[in-house]
Structures are given as structure tokens and as C-alpha cells.
Chemist: 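What follows is a single structure, and I will ask about it in a moment.
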Protein chains: 2
Amino acid sequence: MVQFSRSLDTSFAALADPTRRDVLLRLARRDASISDLAGAFEMTLTGMKKHVRVLEDAGLVTTEKVGRVRWCRLGPRRLDRENEWIAKYQSMLEARYDRLGEFLERTREDHP
Amino acid sequence: MVQFSRSLDTSFAALADPTRRDVLLRLARRDASISDLAGAFEMTLTGMKKHVRVLEDAGLVTTEKVGRVRWCRLGPRRLDRENEWIAKYQSMLEARYDRLGEFLERTREDHP
DNA sequence: GTAATACTGAACCATATGGTTCAGTTTTCG
DNA sequence: CGAAAACTGAACCATATGGTTCAGTATTAC
């Protein structure tokens with residue numbers, strides 16, 4: 001197990017569940033309570049609470065208890081680092097295909 | 001459990017492990033055998049084989065056995081759908097903050 | 001004051017994950 | 001042929017995940 005990048009571990013793991021991805025999209029529209037979310041996804045309060053906890057640990061959601069209601073909202077993280085990781089990967093891929101293209105070009109010139 | 005988007009499930013889960021992310025970056029530089037990868041990450045062949053299998057299931061890596069060596073290379077998927085999901089999420093966030101900005105603007109106008 | 005609402009934590013369950021070892025099989029090298 | 005290399009699969013292990021139920025506590029509504 002590698003030690004660094006723990007935040008990418010937790011956020012990608014958080015995104016690996018379809019319920020959690022949909023919770024994020026729903027929270028992007030409006031804040032919601034645990035009850036709201038549990039109702040929307042036909043799940044027990046306890047089950048939804050766990051999902052929200054995972055999103056919270058990943059820094060993707062913050063919550064605040066007001067009276068007997070726990071309100072969930074997005075933040076503070078915006079998936080920027082995750083976006084960057086994927087962009088870096090894709091640019092490395094492109095660079096490699098470019099080198100492959102060059103190689104084929106050279107080969108064609110060498111053996112016309 | 002939601003039923004659609006199984007591919008995002010498996011690819012985000014594949015990205016949630018730091019060893020697997022590093023394997024992808026390494027394969028972006030050059031193809032490698034299971035032994036190469038196991039050696040580079042100080043892991044048993046069996047352990048690395050499992051990681052490669054996860055990446056294969058997510059469509060991020062393909063492998064081919066040549067003689068007694070199994071060669072691993074990237075593809076066919078490029079994380080485009082994952083990139084799109086994150087981009088969509090971020091644009092929804094931006095849209096929401098824009099609406100919040102508008103609201104504050106209106107409020108300021110109403111009560112100057 | 002009583003009842004309903006909203007959450008919370010513990011316990012439980014089945015399955016998955018990230019490793020390992022061990023015992024093979026297949027290929028290659030000398 | 002015999003030995004080494006490269007992989008493979010089964011079995012095992014500890015821990016995590018995605019849920020549930022049940023028994024609370026704290027707030028709010030009537």
C-alpha cells in the first residue's frame with residue numbers, strides 16, 4: 001500500500017458508489033436533510049447517514065445540525081485534485097500516442 | 001443501490017487505490033509485465049495480478065499473454081466518462097454559486 | 001405533557017478488498 | 001532432459017462496505 005494521496009483514495013472511493021454520486025448531484029441543486037436524502041433514495045436514515053459520512057470524510061460535503069435536523073451541503077472540496085489527476089493521466093496518454101505517431105512517421109520515411 | 005452507471009462504479013473504485021493509480025501512470029510511460037509491476041511496487045505476483053484484473057475489469061488496461069509473460073498496456077478506456085462526470089458536477093456547482101450571487105445582488109438592491 | 005419527527009449508535013449480516021502463501025502449469029534456457 | 005522464470009488459482013486472513021434493525025436521545029408540534 002502506498003502512503004501518499006490519501007485524499008484521492010477517499011474521494012475516488014466516495015465517487016465509486018452510484019447513490020453517493022447522485023447525492024452529490026442532488027446537493028448541487030439544493031441543500032437537504034438526511035431525511036430528504038433517505039426519502040429520495042428509498043433508504044433508511046441510518047443507511048443514508050453512513051453515505052453522508054463517507055462524503056464528509058472525503059471533504060465533499062459538510063453538515064450542520066440545526067434543531068433536530070442535520071443539513072447537508074456541498075463543500076469544501078470541489079473535486080479539483082481528482083480532475084487534475086485524470087487530466088494528467090490523459091495528457092500522458094496523448095503524449096505517448098504522439099510519440100507512437102512520430103515513430104510510425106519515421107518508420108515510413110525509412111522504408112517508403 | 002442504484003442500477004445504472006456500473007462503469008463509473010468500477011472505474012472510480014479502480015482509481016481509489018494508490019497502487020492502481022501508480023500502475024496506470026507507469027503503464028502510460030511504457031507497457032509492462034506482471035513481474036515488472038510486482039517488482040516496481042514490491043508486491044507478490046499474485047497481488048499485482050489482482051490489481052491488474054481490477055483495472056482490466058474497469059476497461060482501463062488490456063493484457064495479452066505472450067509465451068510465459070503477460071503484457072499489460074493501457075486501454076481501451078481513457079477515463080473520459082469519469083472526466084465528464086466531474087466536469088458536470090463542477091459546472092452545477094458553479095451554476096449554483098452564480099444563482100447565489102444573483103440572489104445576493106437582488107437582496108442588496110431590495111434593501112440598499 | 002404527550003406524541004411524532006429526526007437523528008444517532010450499536011450490533012449484525014453478507015459480500016468485497018487487499019493482501020499473503022502454497023501448490024501447481026507453462027515456457028524458456030542451458 | 002532438468003532447472004529456472006512467469007504466471008495462475010485456491011485458500012486464507014483481516015478489515016471495509018453497504019446495507020439492515022432496534023433501541024435510544026433530542027426537538028418540535030399539538
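Numbers restart at 1 for each chain; the letters A, B, ... are given by sequence-line order, proteins then strands.
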Chemist: Distance check needed: D:dT15 P versus B:D17 CG, whole Å only.
Modeler: 18 Å
Chemist: Taking the side chain of A:S35 as heavy atoms from C-beta outward, which of C:dC7, D:dC7, C:dT20 is closest to it?
Modeler: C:dC7
Chemist: Would you say a side-chain N or O of A:K65 is under 4.0 Å from OP1 or OP2 of C:dC7?
Modeler: no
Chemist: Starting at atom CG of B:L37, determine the distance to atom C1' of D:dC7, rounded to an integer number of angstrom.
Modeler: 13 Å
Chemist: Classify every nucleotide of nucleotides 24-30 of chain D by which part a protein heavy atom approaches to under 4.0 Å, writing B for the base, S for the sugar-phosphate alone and - for neither, in 5'-to-3' order.
Modeler: ---BS--
Chemist: Nearest whole Å is fine: how far is D:dA6 C1' from B:L45 CG?
Modeler: 7 Å
Chemist: Rounded to the Å, how far apart are B:M43 CE and C:dT21 P?
Modeler: 12 Å
Chemist: Between B:W71 and A:E42, which has a closest nucleotide on DNA chain D that is more 5'?
Modeler: B:W71
Chemist: Do A:R53 and A:D57 meet the salt-bridge criterion of a basic N to acidic O distance under 4.0 Å?
Modeler: yes
Chemist: Would one find a side-chain N or O of A:H51 under 4.0 angstrom from OP1 or OP2 of D:dG19?
Modeler: yes
Chemist: Please give, in whole Å, the distance from C:dA11 P to A:K49 NZ?
Modeler: 16 Å
Chemist: Do side-chain atoms of B:D36 reach the backbone of B:S33 as a donor and acceptor pair under 3.5 angstrom?
Modeler: yes
Chemist: For A:A14, is there any backbone N or O sitting under 3.5 Å from a side-chain donor or acceptor partner on A:R20?
Modeler: yes
Chemist: Below 3.5 Å, does any donor atom in the side chain of B:T19 face an acceptor in the base of C:dG18, or the other way round?
Modeler: no
Chemist: Checking all strands, does B:R20 fall into the base, sugar-phosphate, or nothing category for heavy-atom contacts under 4.0 angstrom?
Modeler: sugar-phosphate
Chemist: Can a donor-acceptor pair be found, under 3.5 Å and without considering hydrogens, that links the side chain of B:Q90 to the backbone of A:R78?
Modeler: yes
Chemist: Judged by atom type as modelled, is there a donor-acceptor pair below 3.5 Å linking the side chain of B:R70 to the main-chain atoms of B:I34?
Modeler: no
Chemist: From CZ of B:R70 over to P of C:dT26, roughly how many Å is that when rounded to an integer?
Modeler: 14 Å
Chemist: Less than 3.5 Å between a donor and an acceptor, one on the side chain of B:K50 and one on the base of C:dG19, is that the case here?
Modeler: yes
Chemist: Tell me if the side-chain of A:T46 makes a donor-acceptor pair with the base of C:dG9, cut-off 3.5 Å, by modelled atom types.
Modeler: yes
Chemist: Which heavy atom of A:M48 sits nearest to which heavy atom of A:F41, and what is that distance?
Modeler: CE-CD1, 3.7 Å
Chemist: Can you measure A:E64 atom CD to C:dC7 atom P for me and round it to whole angstrom units?
Modeler: 13 Å
Chemist: When you measure from the side chain of A:R21 to the backbone of A:L15, do you find a donor-acceptor pair of N or O atoms at a distance under 3.5 Å?
Modeler: yes
Chemist: Counting N and O atoms only, with roles assigned by atom type, does the side chain of A:R26 sit under 3.5 Å from a partner on the main chain of A:D31, one being a donor and the other an acceptor?
Modeler: no
Chemist: How many Å lie between CG on B:D9 and C1' on C:dA16, as a whole number?
Modeler: 13 Å
Chemist: What is the nucleic acid contact for B:I34, judged by heavy atoms within less than 4.0 Å: base, sugar-phosphate only, or nothing?
Modeler: sugar-phosphate
Chemist: Hey, which sits more toward the 5' end of DNA chain D by its nearest nucleotide, A:A13 or A:M48?
Modeler: A:A13
